[in-house]
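Have a look at the structure below, then the notes.
Quantities reported herein were computed from a predicted structural model and do not represent experimental measurements.
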Amino acid sequence: MIIQGPHETCFHLSPPARADATFRVTMVPGDGVGPELMTAVKEVFKAGDVPVEFEEFHLSEVQNMASEEKLDQVLTSMKTNKVAMKGKIHTPMEFKGELASYEMRLRRKLDLFANVVHVNSLPGYSTRHNNLDLVIIREQTEGEYSSLEHESVTGVIECLKIITREKSRRIAKFAFDYATKKGRNKVTAVHKANIMKLADGLFLQSCAEIAQLYPKIQYENIIIDNCCMQLVQNPYQFDVLVMPNLYGNIIDNLAAGLVGGAGVVPGESYSAEYAVFETGARHPFAQAVGRNIANPTAMLLSASNMLRHLNLEYHSNMVSDAVKRVIKQGKVRTRDLGGYSTTSDFVRAVVENLRHRPAN
Amino acid sequence: MVNSAYMKSISQIIYIENGLYKQCMQTVTLIPGDGIGPEISSAVMKIFEAAKAPIRWEERNVTAIKGPGGRWMIPPDAKESMDRSKIGLKGPLKTPIAAGHPSMNLLLRKTFDLYANVRPCVSIEGYKTPYTDVNLVTIRENTEGEYSGIEHVIVDGVVQSIKLITEDASRRIAEYAFEYARNNQRTSVTAVHKANIMRMSDGLFLRKCREVAENYKDIKFTEMYLDTVCLNMVQDPTQFDVLVMPNLYGDILSDLCAGLIGGLGVTPSGNIGANGVAIFESVHGTAPDIAGLDMANPTALLLSAVMMLRHMGLHDYGNKIQTACFDTIRDKKVLTKDLGGNSKCSEFTAEICRRIQDMA
């Protein structure tokens, strides 16, 4: 929290915040440590005078806050604001009637088809693989998560995995467009077409078709199990990866583990009109609730990406630089990075670094 | 893979050396495979000869042929040999992508009902990877799940792939996992699933695992989501012991674990079937680019053969051969190209044979 001294605290040597209207962003804290992480984001934004106003909704399937009206309210808000920040809405294992969880339904209703996870090594925190820079693009509306299951005979359950040409093409185009925009050189499609010949074969074919429209970008494909093995042996051979739903879940988490865990990787979900910013590896982390040990890095970096998306370039850099500086200095580290600090310590350190930016 | 306790638990066959009547020869069906298969198979046969193991090899080919009724099947002489000997050792087989006949591996699985794929992953001393002290076993259900091969084109551009989970298969694999844990002095079994998304299918798998766990109170049973396992596996693989899971997750995770210890070139694997049939195999590809050039690394097939010897109760031979192999790798003087040296396959084999003869 900012403490005003007797004299003016002139920490704004750089241009002050714009006088334009503030941006409204929907915020869904979710379950587990979601609320704590969102509090961290709000604190940092307040300290940095970021012109963003949050509209909060507490939607949850496990905390008795589930209701259709709440879901509709969240959807309306998201459709108005077009940008949202989200924590993980935990899916309980027992289901009452509907097989699709709230998360899946949100994704489908807003058609958030692309999930982008940025896997970047943090400077100052070394893991077994350093200087990683991957982007993982995952189709997240169809595939194995179609929630179409039935018991055909007692004791035999069928679960359908749906792959369509249209959605495969869409995600492939998104991947190549993203690669072009960010100046990336290679897109690798991940699949299991040697076993699931029709389904993943269709996905692969769609990717190959779209690849021909982008001659400047190198296109490769790799089988999922080989991809996992290569990621732990030599992850530097990959640049942008694109894949269907389930493989995306696996590779997201694998890659997050390579650079430091679920607490340091930001991610976002895009549809044609909306953008939702969240962590890369989505876990509610229920064991940490109330213990003040969660690492807010992922959420803060994602918030910074959101600010960039809103064209608030200055504030975006301010937040991300502060976070990276704290990690690089290494004095304040949460438990998952091997330190002993609490979430609030970390947030305080980030706020400190926001104020004392080196003039450049 | 030194299961010294396994040695003690199997006490049926006691081999007494020097002068007493040698155990009668046991037949093993050898399937050399394609690509580098024949080279590494002959390497293994040479090493077994040097160790004077009581194994008689029966070589068979398993290229798919069309049987009566138009169904693809393996040649009848191969089937008859396996049914008789019950133990098989297989080299790599080609799996064509989108060819006319199903993959040979799948065919073998269906013919002999090989329901469990066991892959012990232990860090090899002398072959350094960023991950040390890995010691886990992945047990994968091998007959159903996502690899049922049931796919349909619903309309042009929409493909549906069916994942099948049955009570019987889930119970069978869970029982095998716990039996294996008990016989090999393992402390815990972890079920890997995605029951939060595929609530009915993976839910059934999980329920069966829980039921079977009730009968094995001496083994600790935990359950973990697939993405959490991936996340934790690349950060700290020592926390895992025995992992049991359905087909697709098993495929991915077993390759991931193979990557942790050094790749498919050094990973053994065994397939256990109903009726006491067991086929041990090397899981790497056929490597057509180095076939016939005497550059292949026979370690994977050799370690699988060692696993086979242990399964048959011939622990002495198994340990002898394994020690010779590990000592050769640790010495680093004669290594094949993929292990970082530049010796030929035949030189590597000769070195191991020499060590075995020195030990006798």
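The distance from the CD1 atom of B/Ile150 to the CG atom of A/Leu160 is 10.5 Å, given to the nearest 0.5 Å. Rounding to the nearest 0.5 Å gives a distance of 12.5 Å between OG1 of A/Thr164 and CD of B/Gln160. We find the CE-CG distance between A/Met196 and B/Leu248 to be 5.0 Å, quoted to the nearest 0.5 Å. A distance of 9.5 Å separates CG of B/Leu256 from CD1 of A/Ile250, quoted to the nearest 0.5 Å. Atom-to-atom distance recorded for B/Ile197:CD1 and A/Ser101:OG is 5.0 Å, nearest 0.5 angstrom.
For residues 224-237 of chain B, a heavy-atom distance under 4.5 Å to chain A picks out B/Tyr225, B/Leu226, B/Asp227, B/Thr228, B/Cys230, B/Leu231, B/Val234, B/Gln235, B/Pro237, given by residue number.
With a 4.5 Å cut-off on non-hydrogen atoms, A/His129 touches chain B through its side chain but not through its backbone. Interface remark: A/Ile251 contributes no atoms to any contact with chain B (heavy atom separation under 4.5 Å). Looking at B/His284, there are no atoms closer than 4.5 Å to chain A (heavy atoms on both sides), in backbone or side chain. The contact between B/Ser161 and chain A is made by backbone and side chain atoms together, counting heavy-atom distances below 4.5 Å. Residue A/Tyr247 touches chain B through its side chain alone, counting heavy-atom pairs closer than 4.5 Å. Proximity to chain A is limited to the side chain of B/Leu206, based on heavy atoms less than 4.5 angstrom apart. Interface residue B/Lys194: only side-chain heavy atoms are found under 4.5 Å from chain A. Looking at B/Tyr131, both its backbone and its side chain come within 4.5 Å of chain A, counting heavy atoms on both sides.
Using a 4.5 Å heavy-atom cutoff, the side chains of B/Glu146 and A/Lys161 are not in contact. Counting heavy atoms from C-beta on, the side chains of B/Leu264 and A/Met229 come closer than 4.5 Å. Looking at heavy atoms from C-beta onward, B/Val158 lies out of side-chain contact with A/Leu202 at the 4.5 angstrom threshold. Under the 4.5 Å side-chain criterion, counting only non-hydrogen atoms from C-beta, B/Val159 is not in contact with A/Ile162. Residues B/Arg199 and A/Glu149 are in side-chain contact: their nearest non-hydrogen atoms beyond the backbone lie under 4.5 Å apart. Contact annotation: the side chain of A/Arg165 approaches that of B/Asp156 to within less than 4.5 Å [non-hydrogen atoms, C-beta and beyond]. Considering only heavy atoms from C-beta on, B/Leu164 stays 4.5 Å or farther from A/Ile157 through its side chain.
Interface summary for chain B: among A/Gly201, A/Ala262, A/Cys227, A/Ala281, the most heavy-atom pairs under 4.5 angstrom belong to A/Ala262. The residue among A/Gly261, A/Ala199, A/Gly155, A/Ala256 with the most heavy atom pairs within less than 4.5 Å of chain B is A/Gly155. Contact count against chain A (heavy-atom pairs under 4.5 Å) is highest for B/Gly262 among B/Gly262, B/Ala258, B/Cys257. With chain B as partner, the option from A/Asp200, A/Thr91, A/Leu246, A/Leu198 having the largest number of non-hydrogen pairs under 4.5 angstrom is A/Leu198. By number of non-hydrogen pairs under 4.5 angstrom with chain A, the leading residue of B/Ser170, B/Gly263, B/Gly203 is B/Gly263. The residue among B/Lys208, B/Glu144, B/Met198 with the most heavy atom pairs within less than 4.5 Å of chain A is B/Met198.
A pairwise comparison of heavy atoms in A/Val156 and B/Thr166 identifies CG2-CG2, 3.6 Å as the closest pair. Nearest heavy-atom pair, A/Glu151 versus B/Met200, reported as atom, atom and distance to 0.1 Å: N-CE, 3.8 Å. Residue A/Cys228 comes nearest to B/Ile252 through the heavy atom pair SG-CG2, 3.4 Å, listed as atom of the first residue, atom of the second, then distance.
Considering A/Asp225, A/Ile223, A/Ile224 in turn, A/Asp225 is the only one that fulfils the side-chain contact (heavy atoms from CB on, under 4.5 Å) rule with B/Asp251.
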### Query
Between B/Asp255 and A/Asn226, does a side chain to side chain contact (heavy atoms under 4.5 Å, CB included) hold up when you go through it step by step?
CA-CA 7 Å; B/Asp255 275 4; A/Asn226 190 15; 5.7 Å; no

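Surrounding CD of B/Glu125 are at most 12 heavy atoms belonging to other residues, nucleotides or ligands under 6.0 Å away. Counting heavy atoms of neighbouring residues, nucleotides and ligands inside a 6.0 Å radius, atom CZ of B/Arg171 exceeds 12 of them.
Checked by atom type and distance alone, the side chain of A/Glu158 never pairs as donor or acceptor with a backbone atom of B/Lys163 at under 3.5 Å.
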